[in-house]
Amino acid sequence: MNLTAFLFRRLWQMVPTLLGVVLLVFLLFNWVGGDPAYVLAGKMANPEDIANIRHQLGIDRPMWEQLLIFIRQIVTGDFGNSWATREPVSEIFRTRLGPSLVLLIPMLLLETLVAVVVALIVSAVRGSVLDRTLMVTSTVVMSISLLVYIIVGQYVFASLLGWFPVKGWSDNLWRNLTTYAVLPVLLGLMVSIAPSVRLYRTFILDEIGQDYVRTARAKGLSEPRILLVHVLRNAAIPIVTNVLMGLPVLLTGAFLLERFFAIPGIGREIILAVERSDFPIIKAATVYVAVATLFANLLGDLLYRALDPRVHFE
Amino acid sequence: MINHMGRLLFILLGLWVMGAWAAPPEKVLRLELSAAETGFDPVMTSDLNTASIEQQLFESLLTYDYLTRPVKLIPRLAAAMPIVTDQGKIWVFTLKQGVYFAPDPVFKGQKREVTAQDVVYTLMRFMDPKNRSPYKFLVEGKIIGLDELGEAARRTGHFNYDASIPGLEVLDRYTLKIRLKTTDYNFAHAMAQPMYGIVAREAIEGYAGDTASHPVGSGPYHLTRWTRSSLMVLERNPNFRHEIWNFDPGNDPDSQNIAAQMRGKSIPQIDRIEVQVIEEAQSAWLSFGKGELDMIGLAGQFAPMALHGTHLKSSLADRGIRLDRISDPSIAYYFINQQDPVLGGMSKEKIALRRAIFMVQNDEEMIRVIHKGQAVRNAYPIPEGVAGADPNYRSLLDYNPREANRLLDRMGYAKGPDGYRRQPDGQPLAVRYTSSLSSQDRELDEMMKKALDRLAIRFESEKLKFPEILKAERQCRVQIRLSAWIADYPDGDNFMQLWYGPHTHENNGSCYQDPEWDRLYEKTLTMPASPQRDAIYHQLARLLELKGVTKVSTTHIRNVLTHPWVIGYKAHPILPSVWSLLDIDVSRAPRQ
Amino acid sequence: MPIERSSPGLWTLAWRRLRRDRVGMTALLVVGCYLAVVMMALMGWIATDWTREVGVNYAPPVFWAQDQDETAQRSVIGNDTPDGPIALYGLQDPLAPVLAAIRAQYPQDRDLVEAPRRLSLPLGGDKWGHDVWIKVIKGSETSILVGLVSALLATLLGTLMGAVAGYFGRWVDDGFNWLYGVFTAIPYLLLVFAIAAVLQQKGVVTLILILGLTGWTGVFRLVRAEYLKHKTREYVLAAGAMGASNTRRMFIHILPNTSHVILVQLSLNVIGFIKSEVILSFLGFGVPVDVVSWGSMLNEAQNELILGKWWQLAAAGLAMAILVTAFSMLTDALRDALDPKLKN
């Protein structure tokens, strides 16, 4: 099977999944998602006002009609305006994506880099005291709640020691990267590095157990060379896949950091939308993230197949 | 040689001094909001955070004096206070001349003056069903002919802004005559709300569909950057008229101090205002401590950090930080749904049950533990600073668990084998308390659980998102809730209407419909604030307690902390923001 | 007739390997201690009444008690309203006769005296004066039970679906794979909100269901892969040829051979869910007010740290960190013991 056919088949398989996501979210939030009309109507609204608002938002229409509208929105990519602020939904996501990425990309890069290096080191000295110490330390570090890290970290490093600003965000990418994002990224790394180290260590150990390593050793190649060139190249496949698949999860998962450090990212926006029953934003967020997840998975698969000659497109 | 060098140095120094003199440092005020704003179309605004921004962008006809207490209405866009005739039915407003909207592409480079026609347009917008305005109640049913326009628009789907109606008559370019259907002395308060800031029709129609992100007003500032729910930047409106800071400080020494520093300065003094949304109180507090924020509304839970009783801690006072402390024009009140099958009804048993539930609410403990002392006991429905308030009112429902228990014992609420009380007919009894998912509300849940434990009544918790709470309340499905109300305008009616029978399904969450109460209340509607009206208000308040409808619990204290470089700040109970009236001492402010 | 041969099974071997792992055994001991505490709390032997307010508000820990500020005073509930009749403004009190009778009989009701409270507690007190030590124990009970039960639920769901999908394949597999795709594609945050909204009622059961219903996907993926692998193995085909039913082959024959995978997943889920409970509490989906958990304690303690009341944050954070560390190490040891290939 060639690449085009494989791609085509995979894209085609996305349709039912996406449809399932759409249906599930639509039903759940329509059924129990709350009625924003009562908030939008203000402090002194009468039932007519509320009926008027419900009519304008279109939530008085039959369920199937609303579903059709939703599907049309997905196809056209236009999710209309936010119910709470009447701002175009696409505008909201366009402005929120940047800060989320400024937070997440450094986090992901650093995490991968540090985790791979540490994993290589502990694999090289597996079973030694250093290995054990590092593994125990990483277990301890990851066992503390992110909430505790944030509360204590913000208090100690930003306020008491004054090394970082307490919160904030600017328009300047460089300033964000070097000033505002530093502490949140470091705190995020506290909980995310350790699991990666552990995972990558197993990947690397898996490879070390392979025949080709034994052959390489027999040929007299030095241990660092074996590790860095041969083992790492093969272990890179699961590592890259893992990183890719983590990306969509992180996109919405950083809401704690975004809230405490007042970063205008997507996770915080979703919480706000749920609190306000702002259905257009919820719908759009679900669809965007679902599509991102599906494509990340596809990309992961493609890379896997591209890097590993043993795997064929089936 | 030396001479040359010296001369050169001298010239350079001179240039530097001149340069510094020519461009005075920009004055920047950095602030926070604790919850996200919505959008900046005044007609669509419902929350105080958004209103605080709009107060600076738009101008209403009237406003409140900065320093006078109790608050007093003064003209803003109007040249003088309106002339009111025909027992408060006819209001004539005359506008200031030479007031211009902030520059905006919709005006195509022309300077656009504010006229009486803009006021008509602004008022009409409130009744346009398309705008679904949360604050239309302030004009609804009042202006002759306006409701009919709204009704017609509801039928045809199109609001006729070109119609001329008897209620809104433009006498000349700057004069407007408003005719009301009935006597209404509170109409002036409506015209002082930031939501009633005057807008230009070209701007609204030019940005149709996205007016929320294109505010065009005549206020001292205009919005130059907006990152939604994160950052708003206001800069001075270049078209703002020449206006001089001149408020009467009265006898208050703090106010006199402010007046001495500010009087005679032109408005506004500050060039740029940066408002950040910071949801987590810890982040805001730490930011202020580091000087990243110039001013902060102190969240209740951090009061012990900043205050010793009612005074600023010396560690902060030594840094020159100032505390401004006022009682909010708000009440927190418990209400019980009078239509609830278990708790509602007017039999003696039901009244006793409700009153017993109110009598085990320990307000003192709530103030001490939850509000950390930043609230005061207030049993009267009208809070301090609002016309009709009575700080000496004594509650019938003060904390008294023993008497509450004896009352239930006598009324037949016997304890079952599980130790919890049952209804007189032997049916199980449980009280469902409705609250939101926030952590503050979790503390209040704990309070209510403790209170009901004192009565041996089973506690049930209903956790809903805020929109759902409102919905349940308006459908009379809430059993008991601790609600809060903050004054829209400083008149007692804004509070008393919370229990008016016809407001059931609107904001009478207790769904209390009592002909006796309603009849008394209706009498007050056409009365100005007066001892006669106060007498009826007292009866109304007492009836709410006697029948076990509501227990007014506390009033919050607002603590605002300012860094020493912020000049001229005094907390205002009604105005959502006063930023244009402040100044910054650049020599003391941290370099930015 | 087969000869009885005492060949040590997978589990016996694993246990032998585990016994040799010192770190693993220490971790097992720690986890065991926690479980013992949970059991004792569950039976009502210890920490019976955490809601009793035994100390003053924010009572400091005993070893920290020298630093007492203005909040550490004995709290007195005052009823400072003056006595004397309250004006009724010409209205009638429907309860007047009853109240008059009560007041005549018990004239002293208005004087309220509170039981004395302690100025310091072993690990300090929270804002109400609850003993943090007792709260931590009670909180351990809740958090560990929530973690265990929801992990069991998630593992059960994941195993069942994975088994059915992997075993039957074809359209059944497609169906479950579709469901898996849908659940993993929806942002976790929104899934939590949605499920919480559907379940409406707040309580420990809701919490368990949220965690269980969102957490089954990992187990599903692995178990399905195992079943795909095993169903064509000889021993399964042989069982089929001997007339074993599908159910029998799935759960009697294959399941024991995948149990090591499931066990490791189970313990990973326990760890994950104990941590998730904290985040859910932050979002307002935590335990109800009459229940205490580590998550509810950490969220309460959020604002206490900068007030200088660090003890609740420290106690709950530490209790949780120790258990999660021990449990993680136990999981590692278990994995190594069950699947010695992995260990080098």
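Throughout, protein chains are lettered first and strands after them, A, B, ... in sequence-line order, and every chain is numbered starting at 1.
Under 4.0 Å is where a charged nitrogen must lie from a carboxylate oxygen, and between A:Glu91 and B:Arg228 no such pair does. The existence of a salt bridge linking B:Glu280 and A:Lys167 is excluded, since no basic side-chain nitrogen approaches an acidic carboxylate oxygen closer than 4.0 Å.
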Please assess B:Thr38 against B:Asp47 for the test side chain to side chain donor-acceptor pair (under 3.5 Å), listing each intermediate value before the final yes or no. CA-CA 8 Å; B:Thr38 50; B:Asp47 62 298; 3.3 Å; yes
Between A:Glu269 and B:Ser229, does a side chain to side chain donor-acceptor pair (under 3.5 Å) hold up when you go through it step by step? CA-CA 8 Å; A:Glu269 199 61 39; B:Ser229 61; 3.1 Å; yes
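The two residues B:Asp488 and B:Gln193 have their closest heavy-atom pair at O-NE2, 2.7 Å. Residue B:Asn131 comes nearest to B:Arg125 through the heavy atom pair ND2-O, 3.0 Å, listed as atom of the first residue, atom of the second, then distance. Of all non-hydrogen atoms in B:Met232 and B:Phe40, the two that sit nearest each other are SD-CZ, 3.5 Å.
Residues from residues 256-265 of chain A that place a non-hydrogen atom less than 4.5 Å from a non-hydrogen atom of chain B comprise A:Arg259, A:Phe260, A:Ala262, A:Pro264, given in numerical order.
Heavy-atom distances place the backbone of B:Glu37, and not its side chain, under 4.5 Å from chain A. At a 4.5 Å heavy-atom cutoff, the contact between A:Pro165 and chain B is made by backbone and side-chain atoms alike. With a 4.5 Å cut-off on non-hydrogen atoms, B:Glu274 does not touch chain A at all.
Of the listed residues (B:Glu473, B:Met44, B:Lys136, B:His505), the one with the most heavy-atom contacts under 4.5 Å to chain A is B:Met44. Of the listed residues (A:Asn81, A:Ile151, A:Leu272, A:Thr95), the one with the most heavy-atom contacts under 4.5 Å to chain B is A:Ile151. If you tally non-hydrogen atom pairs under 4.5 Å between each of B:Glu140, B:His503, B:Glu32, B:Arg225 and chain A, the highest count goes to B:Arg225. Contact count versus chain A (heavy atoms, under 4.5 Å) is highest, among B:Gly289, B:Ser287, B:Ser230, B:Gly39, for B:Ser287.
Aromatic ring pairs are classed by plane angle as parallel below 30°, tilted from 30° to 60° and perpendicular above 60°; the pair B:His189 and B:Tyr489 is parallel. Ring pair B:Tyr500/B:Tyr521 is tilted by interplanar angle, where 30° to 60° counts as tilted.
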